[in-house]
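One structure is given below, encoded as structure tokens.
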Amino acid sequence: MHSYLLIAPAKINLYLEIIGDRPDGFHELVMIMQSITLADRLTIEPSDNQKINLRTNSSAIPADETNLAYRAAKLMCDSFPEVYANYGGVNIAIEKNIPIAAGLGGGSADAAAVLVGINLMWELGLTSPELHELAAQLGSDIPFCISGGTAIATGRGEKLDAIKDLDNLWVVLAKYNGLSVSTPWAYQTYRQKYGDTYARDRAEIKARRAQVHSSPIVSAIIKGQGAEIGKLMRNDLEKVVLPAHPQIDKLRAMFAESGVLGTMMSGSGSTVFALCESEASAISIKDQMRSKISNPELSLWVTQLFTGGVHLGN
Ligand code: C5P
């Protein structure tokens with residue numbers, strides 16, 4: 001058996017609309033998810049100790065059974081016990097490049113890479129829908145992280161409809177180290193404040209979900225119109241996260257002032273991203289932000305939209 005190097009891209013949300021409550025306690029969402037080239041790198045190989053062994057170069061994430069990547073490996077071992085017994089344990093090494101608790105899906109991307117890597121290593125031959133079904137048991141964003149590109153995500157976020165992949169735009173990411181937002185907190189607070197606007201029944205949810213396919217932002221994505229996409233982006237969670245975290249709000253305002261195509265918080269934050277039309281413009285925006293904000297805790301990245309999800313590296 002080989003060892004496999006997997007590249008696990010981060011995601012941003014170009015659109016995140018909260019439609020209502022679900023019977024399972026989650027929220028019914030309509031999102032447009034987009035992969036970016038900023039990625040973790042995972043090595044997956046067989047081990048002879050019949051265990052899941054997780055290593056990472058980051059001290060900020062746990063290397064134990066609470067890590068989503070570990071839980072992904074455990075799910076594969078539990079789902080295919082005979083293959084697991086036959087092949088032995090799994091060594092997983094994570095090289096972390098995606099910031100943690102940032103709204104960029106880093107943990108989900110790692111779990112997606114583990115599912116894809118074990119499927120290859122054990123020659124299970126699972127299809128994309130089969131992998132997506134396993135992924136959805138672990139987290140709402142993990143199915144998207146497997147296939148990536150540009151996609152409409154509905155339900156909890158696990159139901160995907162691919163749309164024409166965007167690849168012509170660049171992105172600047174801005175995040176304060178140590179400033180993280182709890183995703184359950186963001187959704188709960190949203191429910192407390194805006195629960196009275198939620199869709200009341202399945203028919204209304206279905207109708208609101210269907211609207212996205214003919215929405216102006218999807219049409220702009222299909223036409224590759226960066227400036228339009230920038231104007232039409234939406235993230236409902238900003239309504240609760242920005243008032244609670246003025247630092248995030250300020251980053252967003254500074255991006256907006258610097259003339260980017262559009263700016264938005266990703267997921268539940270704390271990363272704010274700015275869409276730019278070229279690499280040169282993204283680098284210039286990053287330099288401007290760095291010169292305006294002297295806080296050494298601010299991290300900035302220039303990255304690009306990416307047309308795929310988890311893939312093999314070399
Ligand atoms: O699925 P995931 O583990 O990423 O979700 C993290 C948290 O975000 C959930 O525990 C829930 O509080 C919230 N969430 C939600 N509705 C969704 C997705 C996430 O309320 N569709």
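The structure presented is a predicted model; accordingly, all values stated were derived computationally and were not measured. Ligands are counted one by one from 1 in listed order, and the atoms in each one are counted from 1 as well.
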| note | ligand 1 to L29, heavy atom cutoff 4.0 Å, flagged ligand atoms 17 (C), 21 (N)
| N/O separation below 3.5 Å, H27 to ligand 1 | yes
| note | Checking I118, V114, N53 against V90 for side-chain contact (heavy atoms from CB on, under 4.5 Å), the one that qualifies is I118
| Checking side-chain hydrogen bond (donor to acceptor under 3.5 Å, both in side chains) for the pair Q34/T150: CA distance, chi angles, key distance, verdict? | CA-CA 5 Å; Q34 173 64 57; T150 312; 2.6 Å; yes
| Protein heavy-atom partner closest to atom 9 (C) of ligand 1 - residue, atom, separation in Å | F26 CE2, 3.8 Å
| field | Atom indices of ligand 1 within 4.0 angstrom of G139 heavy atoms, with elements | value | 1 (O)
| task | Might you point out which heavy atoms bring R156 and L29 nearest each other, and give the distance in Å? | result | O-CD1, 3.6 Å
| What protein heavy atom sits nearest atom 13 (C) of ligand 1, and how far off is it? | Y187 CD1, 3.3 Å
| request: Tell me, please, whether F144 has K11 positioned over its six-membered ring: NZ or CZ under 6.0 Å from the ring centre and within 45 degrees of its axis? | output: no
| query | What atoms of ligand 1 come within less than 4.0 Å of a heavy atom belonging to P184? | reply | 12 (O)
| remark: ligand 1 atoms nearer than 4.0 angstrom to some heavy atom of T183 are 7 (C), 8 (O)
| task | Would you mind telling me which of N13, I229, I12, V218 makes a side-chain contact (heavy atoms from CB on, under 4.5 Å) with I32? | result | V218
| request: Applying side-chain hydrogen bond (donor to acceptor under 3.5 Å, both in side chains) between K96 and each of N57, D110, T56, report the one that passes. | output: D110
| note | min-distance protein heavy atom vs atom 1 (O) of ligand 1 -> S140 OG, 2.6 Å
